[in-house]
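For reference, the structure is listed below as structure tokens.
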Amino acid sequence: MSTFVNMRKRYFSDPAFKLFKKVLPPLSDTEREAMEAGSVWWDGELFSGSPNWQTLLDYPQPSLNAEEQAFMDNQLETLLAMLDDFQIVQEDKDLPPQVWEFLRKEKFFSLIIGKEYGGLDFSAHANSTIVTRIATRSLSAAVSVMVPNSLGPGELLSHYGTEEQKDYWLPRLANGTDIPCFALTGPEAGSDAGGIPDQGTVCYGNFEGKEVLGIRVSWNKRYITLAPVATVLGLAFKLQDPDGLIGDKKDIGITCALIPADYPGVEIGERHDPLNLAFMNGPTRGQDIFIPMEWVIGGQDFVGRGWRMLVECLSAGRGISLPALGTAVGHLTARATGAYAYVRKQFGMSIGNFEGVAQAMGRIGGYTYLLEAARTLTTTSLDMNEKPGIVTAIAKYHMTEMARTILNDAMDIHAGRAIQLGPMNYLGHHYFGMPVAITVEGANILTRNLMIFGQGATRCHPFVLKEMEAAANPDAEQASRDFDVLLSKHISFAIKNVSGSLLNAFTGSRFNRAPVSGETAEYYRHLSRMSRGLAVAADFAMLSLGGELKRREMVSARLGDVLSHLYLASAVLKRYEDEGRQQQDLPMVHYALQHCLHQCGVAFDEVLSNFPRKGIGRLVRTLVFPLGIHYPAPKDELSLAITQALMTPGAQRDRLTHLCYIGEKESDPVAIMERAFVAMHAVKGIEKKIAKAVKSGEIPRKISLSAKLEIALSAGIITKDDVEKMHNAEQLRQQAIQVDHFPAEQFKKGGLQPGKAA
């Protein structure tokens, strides 16, 4: 070793190593397993300070294969036509028996099960697309489909089951003979899986007349979707082996087992009422129940490996199911609200022409484009066999939150039309459902404050996890040597990002590279600047706060917001290129990208203004934003352009909302609005002729529409055919803006009651 290296180690890296070990944030076993279980994908590039944008654009373009498309065109469309969401939620509190049978028969519960076991083995993209389209029709039906295809027995068995377990259970799950649920969450253990109170003890017991090695387990679980109708229960519990029957370790850890729902002692079948929605959700309990060791998923070799199994599978499910529900809200609200804003008139003109409404409409359209972009990029990662826990956490948190925002916008625009429940209301049940979506697979507060940056800073940083591994090496001399090499690289990395940040600040990011030309090129350059800023801020945060960073959730949440909006902006850029740079979509593209940059700026400003070490916050601001943070919110002109696009029939509107189910029946709620919208657009020219005649005084202003049409016909302003078209359009418009009403008797005692069918 050279003299210089020895001096560097002695006077610099060795003291730094001691300090690093002192401030090193402690990792719990569950945190360590979560990090080791996942993979780093595009999130690692965003954390690098210099993302390779061509890598992003070279990722596969999401698409459905012929079999998946055929399923969408046939089985899925048949299912959607069978659903009546008002009847499901308000009257039956359940899916109709024929729908349950159809779901079983057509293998909606086996989208992720391999063909060799009778499943469909669809891609993550297809799974997500199917759930999204169902959710635009009925959240209750979508949840019933998505849960067996997310975290649960099907996925756990596919990855970890013994051959005997796979051969028995997977065909039964594939053909609908068995309906699964998975019991993880309890009254006092949700996000903190390490705090699961449910216990199992290794022991011998009687099973089918023989004494066998097994587990005596007790549990008390809540909020378990499909539990009331499940025939097989997946169960997570902590396992102990006090007598050393299977090894020297007493506390073995979280273990997953599969138990038939009709097994003696299993309590299952009761229901919760998840904000009045109709998907099956309920508790399950068991007390001192003996199960054979062979019921552990993966067999005895997989005892204690349950948390690792759950984290690996949860990262996939988290990226499919709840983002699909959020995206569905986008497709539905953009389609229906655009139509309603044109059909509904106030002061003689469509309400979408009022700028206050247009501001909300712009947000709906811009977010919908962003939601679909994030959905497809996230499923792309999963179909590349990645397990990007940080990416899927970003998708789950931000996509459900964006859905809540635009659902509120849609409710605001629809006003009274949205708050009266009935068969015609296509928003009300989604309004109930989105708060449910933000609580599961990690409540959103947890996801934002602890997971995205809390794990991402360690997992995605090019050096921190390796430095932590070096610090944990029991060979002190080797650990010191490894740390010295890593520290040297880390310092070079930090200097590069600081100098790059200063250069970006004084040049407006002009020298950053973009892989494309045209209107989106500037966004690549600005996002590269944000990536450098994140790298600098993350290094200073970890260096100055150390283990305290875990408790400084406001700091980690805001830095996570920067990482998240870098990812969401990446998704928009990727979608725009994948779809052939559709010029009509540029208002939505600009809106989404300006929103993401603005949110990055807001997050940086908030974290640096509130940084616990005041001097550090000021220093980072000086290094990254010496001239200020200048990323404004999306421009008003974009909102106005998006509003006009949503209120105009055509390819652009269809492309933006292509997963929204409309329906063909007279009673289909979205179809009612869509028919009125199309009819009103068809008479747009006739309306202009009449308006011109009113303005000139040829037709009186304050008379009925019928009287105006009669005068216009007599004056030769319009034709008889025009009159007929106007009457038809107005009839459809009047139908579309009405709300449902019911006999008073239905609201009296003995009518509709909480928890009871109508």
Side-chain angles (χ1 to χ4, degrees), residues 64 68-89 92 94-112 120 122-150 152 154 176 179 225-226 229 274 277-281 317 319-336 368 371-372 375-376 379 399-400 403 407 426-434 436-437 440 657-665 668-671:
L64 301 172
E68 292 165 346
Q69 187 62 60
F71 187 90
M72 292 276 297
D73 294 339
N74 296 287
Q75 288 93 328
L76 180 57
E77 291 305 300
T78 301
L79 170 66
L80 295 174
M82 296 171 69
L83 300 175
D84 180 338
D85 197 49
F86 182 78
Q87 179 181 336
I88 289 169
V89 174
D92 297 342
D94 191 5
L95 302 180
Q98 63 270 26
V99 170
W100 280 111
E101 180 57 31
F102 185 80
L103 294 174
R104 287 186 171 97
K105 177 185 173 185
E106 298 300 335
K107 302 185 178 181
F108 277 84
F109 298 144
S110 64
L111 302 180
I112 63 173
L120 295 176
F122 281 175
S123 64
H125 177 63
N127 184 352
S128 168
T129 305
I130 290 166
V131 172
T132 300
R133 187 151 170 81
I134 297 173
T136 67
R137 176 66 157 165
S138 169
L139 277 181
S140 295
V143 171
S144 301
V145 169
M146 81 185 195
V147 167
N149 294 297
S150 183
I179 300 295
T225 300
L226 292 189
V229 295
L277 294 182
F279 66 87
M280 291 291 168
N281 187 266
I320 295 174
S321 301
L322 297 170
L325 300 188
T327 306
V329 169
H331 283 265
L332 172 64
T333 57
R335 184 104 192 174
T368 297
L371 284 164
E372 178 66 11
R375 181 185 77 86
T376 53
T379 57
M399 294 176 73
T400 54
L407 193 52
Y426 40 70
L427 293 178
H429 293 158
H430 287 81
Y431 192 73
F432 295 165
M434 285 317 298
V436 177
V440 295
T657 62
H658 68 280
L659 292 179
C660 179
Y661 181 76
I662 298 171
E664 298 178 354
K665 299 175 185 174
D668 285 332
V670 178

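Side-chain atoms are counted along with the backbone in the values below, which use heavy atoms only and exclude waters and symmetry mates. Just so we're clear, the structure is a prediction, and the values are computed from it rather than from any experiment.
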Quick check: closest heavy atoms across [X] and [Y], and the distance to 0.1 Å?
{"X": "L371", "Y": "G326", "answer": "CD1-O, 3.6 Å"}
{"X": "L226", "Y": "P148", "answer": "CD1-CG, 3.5 Å"}
{"X": "L139", "Y": "D85", "answer": "N-OD1, 4.4 Å"}
{"X": "A135", "Y": "H430", "answer": "O-NE2, 2.7 Å"}
{"X": "A278", "Y": "S140", "answer": "N-OG, 3.0 Å"}
{"X": "S138", "Y": "A141", "answer": "OG-N, 3.2 Å"}

Are the side chains of [Y] and [X] in contact, using a 4.5 Å heavy-atom criterion?
{"X": "E77", "Y": "R133", "answer": "yes"}
{"X": "Q75", "Y": "K107", "answer": "no"}
{"X": "S123", "Y": "E68", "answer": "yes"}
{"X": "L76", "Y": "F108", "answer": "yes"}
{"X": "R137", "Y": "D668", "answer": "yes"}
{"X": "H125", "Y": "L64", "answer": "yes"}
{"X": "R375", "Y": "L659", "answer": "yes"}
{"X": "R335", "Y": "I662", "answer": "yes"}

Legend entry - Counterpart residues, side chain to side chain contact (heavy atoms under 4.5 Å, CB included), relative to V143 (two or more places apart): M146, V147, T225, F279, L325
Legend entry - Worked check of side-chain contact (heavy atoms from CB on, under 4.5 Å) between T333 and V329: CA-CA 6 Å; T333 57; V329 169; 3.9 Å; yes
Inset, instruction - With side-chain contact (heavy atoms from CB on, under 4.5 Å) as the test, would you mind laying out the steps for M399 and L322 before giving the verdict? - result: CA-CA 8 Å; M399 294 176 73; L322 297 170; over 6 Å; no
Distance (rounded to the nearest 0.5 Å) between [X] [atom1] and [Y] [atom2]:
{"X": "C660", "Y": "Y426", "atom1": "SG", "atom2": "OH", "answer": "9.5 Å"}
{"X": "T379", "Y": "N127", "atom1": "OG1", "atom2": "CG", "answer": "9.5 Å"}
{"X": "S128", "Y": "I320", "atom1": "OG", "atom2": "CD1", "answer": "7.0 Å"}
{"X": "N149", "Y": "L120", "atom1": "CG", "atom2": "CG", "answer": "8.5 Å"}
{"X": "D84", "Y": "K665", "atom1": "CG", "atom2": "NZ", "answer": "7.5 Å"}
{"X": "L332", "Y": "T368", "atom1": "CG", "atom2": "OG1", "answer": "9.5 Å"}

In a table with atom names and distances, give each donor-acceptor pair under 3.5 Å that connects a side chain of residues 98-105 to protein atoms at least two apart or in another chain.
from	atom 1	to	atom 2	distance (Å)
W100	NE1	D94	OD1	3.0
W100	NE1	L95	O	3.4
R104	NE	G176	O	3.0

Legend entry - Side-chain donor/acceptor of T327 to backbone N/O of E372, under 3.5 Å: no
Inset, instruction - Please assess Q69 against D73 for the test side-chain contact (heavy atoms from CB on, under 4.5 Å), listing each intermediate value before the final yes or no. - result: CA-CA 6 Å; Q69 187 62 60; D73 294 339; 3.0 Å; yes
Inset, instruction - With sequence neighbours left out, write down each residue that passes ring-ring contact (aromatic ring centres under 6.0 Å, His included) with F86, or none if nothing qualifies. - result: F742
